[in-house]
Amino acid sequence: MNDLLPSESARWQFFEAKVRALMARYGFDEIRTPIVEQTALFARSIGEVTDIVEKEMYTFDDRNGDSLTLRPEGTASCVRAAMEHGLLHNQTQRLWYQGPMFRHERPQKGRYRQFHQVGVETYGFDGPDIDAEVILLSARLWQELGLSEHVTLEINSLGSSEARAAYRDTLVAYFEQHRDVLDEDSLRRLTTNPLRILDSKSEAMAKMLDGAPRLMDHLDDASREHFEQLKAMLDAAGIPYVVNPRLVRGLDYYCRTVFEWTTTALGSQGTVCAGGRYDGLVEQLGGKPTPAVGFAMGIERLILLLETLALIPDDALGGCDVYLVPMDAGTTVSALTLAERLRGELPELRLQLHCGGGSFKSRMKKADKSGARYALLLGEDEQQAQEITLKFLRDEREQERLAQAELGATLRQLLATR
RNA sequence: GUGGAUGUAGCUCAGUGGUAGAGCCCCGGAUUGUGGCUCCGGUGGUCGUGGGUUCGAUCCCCAUCAUCCACCCCA
């Protein structure tokens, strides 16, 4: 688990602000659910035999003996909340969420036990238009962040839940026949995620895999048509993609459209955003059949990517505009009241008042370190004359003495021209 | 869950079986009221934690925790 220190949190705020604005532009409303839920919710939705449920959940008994779990992902909670509060009753929803998720895995770069996701979930839309809509939303986010050139969209269709289940059975039967060829990983996946065996890089298994039944041949007609329409929409929108028949999501509830945005800039943690349809999940959790599509992106990975590519502008990284220095103890009080007056007058001004004493030299050092563009110096002379010294810390420009009464107007002008 | 590496000052890292070092940062001074550059001085360490071996362990051994990298999995 990681602490997020001030230098980092500025980057997060930059990212979060982009996301928040984008969601509003696409008509998505935020939902906030608890980070802890009944364990059964995740077991039933994600799948009993997935890695997440089998060995990665933070699960504990509460005082009543109920089994609770820190959420490993956001979709299940979102469905639960939407059902519980009637949001799915004869209506559609476009929701987004943001927050911490928990999985007990071995941490490494881009993978943490507490990590954060931004997710989008939609309910009640059956057609490929909403699939395209959420993919376009994510594509626009990359564009806004300057990431478009660094991520690739992969898409696939798993078919309807029924078709997918039937294909899975066919595939398992095929693999059972070739059990002697399967390596250790694949034998394990036979029960956990047989579709993923197709993705194996093992050369020994390559020939056997070539002969395996293909998912595309087992798609139901409706899913095939849905997928074709989605591709046409992405084409029309000018979004490049790669159809990856081996793209299989690890969570059981996915069906039909699945997609993934990946990057090669983050080592082995290349997936930066992933999602798809989960039309059967609401019903599975006790609601009425409701089509659904969503995705989640990993904030840590995206910020890591932004940092790696130096895509976070300096002026997004906090700091202040003005550093106000009382030159000695005798001017502290009037500096304090002056600071308050300016903050009241100029709400957009980021002004830091020097606190904590120290020599004048160290006060100036701190003014410099603060990143402020301007320093205001208040000494005995200035105080007596009701004036202030304005020093330009970043420009080749002589410092000026001006009346305190004019200060608000002067600073307003400086902020506007910056 | 598997394999490997690393834990020494706030940070980046040297180092030795015998009382612990550098650079950066921070503080003070050179410069009575002017930051950045330079020079001088100073503060700062349960040597990850717990055991063991030893007269003596930061160093050797064992365990444990954390982090990093890869596998696996995934965001």
Side-chain angles (χ1 to χ4, degrees), chain A residues 1-3 5 7 46-47 49-56 71-75 97-120 138 151 183-186 188-189 192-193 196 199-201 247-251 254 259-263 266-276 294-305 323 325-328 330-331 354 356-383 388-396 398-399 401:
Chain A
M1 316 258 179
N2 296 331
D3 294 314
L5 302 179
S7 55
I46 297 168
V49 294
T50 56
D51 277 10
I52 292 178
V53 172
E54 277 188 333
K55 50 190 189 196
E56 295 177 3
R71 62 182 184 193
E73 56 105 43
T75 299
Y97 61 84
Q98 179 265 105
M101 308 293 165
F102 304 83
R103 294 183 198 171
H104 190 100
E105 304 176 89
R106 283 282 277 267
Q108 65 187 74
K109 186 178 182 181
R111 191 170 84 180
Y112 310 99
R113 288 182 170 174
Q114 175 176 335
F115 63 105
H116 296 74
Q117 290 184 326
V118 168
V120 151
S138 56
V151 291
D183 58 22
E184 197 183 333
D185 269 349
S186 299
R188 185 175 47 76
R189 286 168 175 156
T192 58
N193 197 343
R196 198 169 266 284
D199 207 8
S200 171
K201 297 133 202 152
L247 178 59
V248 175
R249 315 266 39 259
L251 286 59
Y254 284 111
F259 65 93
E260 214 168 90
W261 289 94
T262 60
T263 176
L266 288 184
S268 61
Q269 256 49 299
T271 302
V272 113
C273 171
F295 67 70
M297 56 181 87
I299 302 183
E300 281 84 354
R301 286 184 189 177
L302 283 164
I303 288 177
L304 206 54
L305 188 55
Y323 195 92
V325 181
M327 285 189 179
D328 50 48
T331 54
H354 176 86
S359 66
F360 183 54
K361 182 189 181 72
S362 76
R363 296 180 193 214
M364 287 306 296
K365 277 192 166 184
K366 280 172 178 156
D368 187 40
K369 283 271 161 61
S370 76
R373 192 158 201 90
Y374 314 105
L376 291 173
L377 311 183
L378 183 65
E380 287 298 334
D381 283 4
E382 287 89 344
Q383 189 174 42
I388 193 92
T389 295
L390 169 63
K391 185 177 169 77
F392 300 87
L393 296 173
R394 316 287 165 208
D395 305 302
E396 292 293 323
E398 280 301 301
Q399 65 185 39
R401 279 275 287 254

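This is a predicted model, so every value here is computed, not measured.
Side-chain polar atoms of Glu380(A) and Thr331(A) form no donor-acceptor pair below 3.5 angstrom. No side-chain donor from either of Gln98(A) and His116(A) sits under 3.5 Å from a side-chain acceptor of the other. A side-chain donor from one of Trp261(A) and Ser138(A) sits under 3.5 Å from a side-chain acceptor of the other.
In this structure, Arg363(A) reaches neither bases nor backbone, as no heavy-atom distance under 4.0 Å exists between it and the strands shown. Counting any heavy atom pair closer than 4.0 Å across all strands shown, Arg103(A) reaches a base atom. As judged by a 4.0 angstrom heavy-atom cut-off over every strand, Lys365(A) is placed among residues touching the sugar-phosphate backbone only. Here Ala367(A) lies out of heavy-atom contact (under 4.0 Å) with every strand. Residue Ser362(A) is classed as a sugar-phosphate contact, given heavy-atom separations below 4.0 Å to backbone atoms only. Lys361(A) comes within 4.0 angstrom of a nucleotide base, judged by non-hydrogen atoms across all strands. Across all strands, Leu251(A) comes closer than 4.0 Å only to sugar-phosphate atoms, never to a base (heavy-atom distances). Among the heavy atoms of the strands lying under 4.0 Å from Tyr112(A) is at least one base atom, whether or not backbone atoms are also near. Within the nucleic acid shown, Gly110(A) comes within 4.0 Å of at least one base atom, counting heavy atoms only. Asp381(A) comes within contact range of at least one nucleobase, with a heavy-atom separation under 4.0 Å. Glu300(A) comes within 4.0 angstrom of nothing in the nucleic acid, heavy atoms only. At the heavy-atom level, Arg189(A) lies under 4.0 Å from the strands shown only through sugar-phosphate atoms.
Side-chain to base pairing of Arg188(A) with G1(B): no donor and acceptor N or O lie closer than 3.5 Å to each other. Judged by distance alone, with hydrogens and angles left aside, Gln399(A) brings no side-chain donor or acceptor close enough to the base of G33(B) to form a pair under 3.5 Å. One N or O donor and one acceptor, one from the side chain of Arg111(A) and one from the base of C73(B), sit under 3.5 Å apart. Below the 3.5 angstrom threshold, one finds no donor paired with an acceptor across the side chain of Gln108(A) and the base of U67(B).
Each of A75(B), A70(B), C26(B) was ranked by its minimum atom distance to the side chain of Arg106(A); first place goes to A70(B). You'll find that the side chain of Glu382(A) is closest to G33(B), out of U2(B), A75(B), G33(B). Taking only side-chain atoms of Ser359(A), from C-beta outward, the nucleotide of G3(B), C74(B), G28(B) with the closest atom is G28(B). Side-chain atoms of Lys109(A) lie closest to C69(B) of the nucleotides G28(B), G33(B), C69(B).
To the nearest whole angstrom, the two C1' atoms, one in C47(B) and one in U8(B), are 4 Å apart. Across U34(B) and A14(B), the matching C1' atoms stand 38 Å from one another, rounded to whole Å. Atom name P, nucleotides A30(B) and G35(B): the rounded distance is 12 Å, in whole Å. Between U6(B) and G15(B), the two P atoms lie 13 Å apart (nearest whole Å). Across the C1' atoms, A63(B) and A75(B) are found 35 Å apart, a figure rounded to whole Å. Distance check on atom P: C72(B) versus C27(B) gives 49 Å, rounded to whole Å. Nucleotides U58(B) and A9(B) place their P atoms 15 Å apart, quoted to the nearest Å. Taking atom C1' in both G48(B) and C59(B), the straight-line distance is 15 Å, to the nearest Å.
Residue Tyr254(A) contributes atom OH, which lies 11 Å from atom C1' of C74(B) at whole-angstrom precision. One interatomic measurement links the two molecules: CZ of Arg71(A) to P of A75(B), which rounds to 14 Å at whole-angstrom precision. Between Leu378(A) atom CG and G33(B) atom P the separation is 15 Å, expressed in whole Å. At whole-Å resolution of the value, OH in Tyr323(A) and C1' in U34(B) are 14 Å apart. Atom CZ in Arg113(A) sits roughly 10 Å away from atom P in C68(B) (whole-Å rounding). Going from atom NZ of Lys369(A) over to atom C1' of C26(B) covers 8 Å, rounded to whole Å. Between the CZ atom of Phe115(A) and the C1' atom of C74(B) there is a distance of 8 Å, rounded to whole Å.
Put simply, the side chain of Asp328(A) gets close to the backbone of Gly330(A): a donor and an acceptor are under 3.5 Å apart.
Closest approach of Arg363(A) to Val325(A), counting heavy atoms only: CB-CG1, 3.7 Å. When all heavy atoms are compared, the tightest approach of Thr50(A) to Gly47(A) is OG1-O, 2.8 Å.
Between Arg249(A) and Glu260(A), at least one side-chain nitrogen of the basic residue sits less than 4.0 Å from a carboxylate oxygen of the acidic one, meeting the salt-bridge criterion. A salt bridge does not link Asp51(A) to Arg189(A): none of the charged side-chain nitrogens sits closer than 4.0 Å to a carboxylate oxygen. With respect to the salt-bridge test (charged N to carboxylate O, under 4.0 angstrom), the residues Arg113(A) and Glu105(A) do not qualify.
Comparing His104(A) and Asp368(A) by the nucleotide of RNA chain B whose heavy atom lies nearest to each, the residue mapping closer to the 5' end is His104(A).
With a 4.5 Å cut-off on side-chain heavy atoms, Asp381(A) and Met327(A) do not count as touching.
Here Phe360(A) does not lie in a stacked arrangement on the base of G33(B), lacking the combination of planes under 30° and ring centres under 5.5 Å apart.
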Dot-bracket for RNA chain B, please, read 5' to 3', with Watson-Crick or G-U wobble pairs under 3.5 Å on both distances, ( ) within the strand, [ ] crossing, | other strand, . unpaired.
-> (((((((..((((....[..)))).(((((.......))))).....(((((..]....))))))))))))....
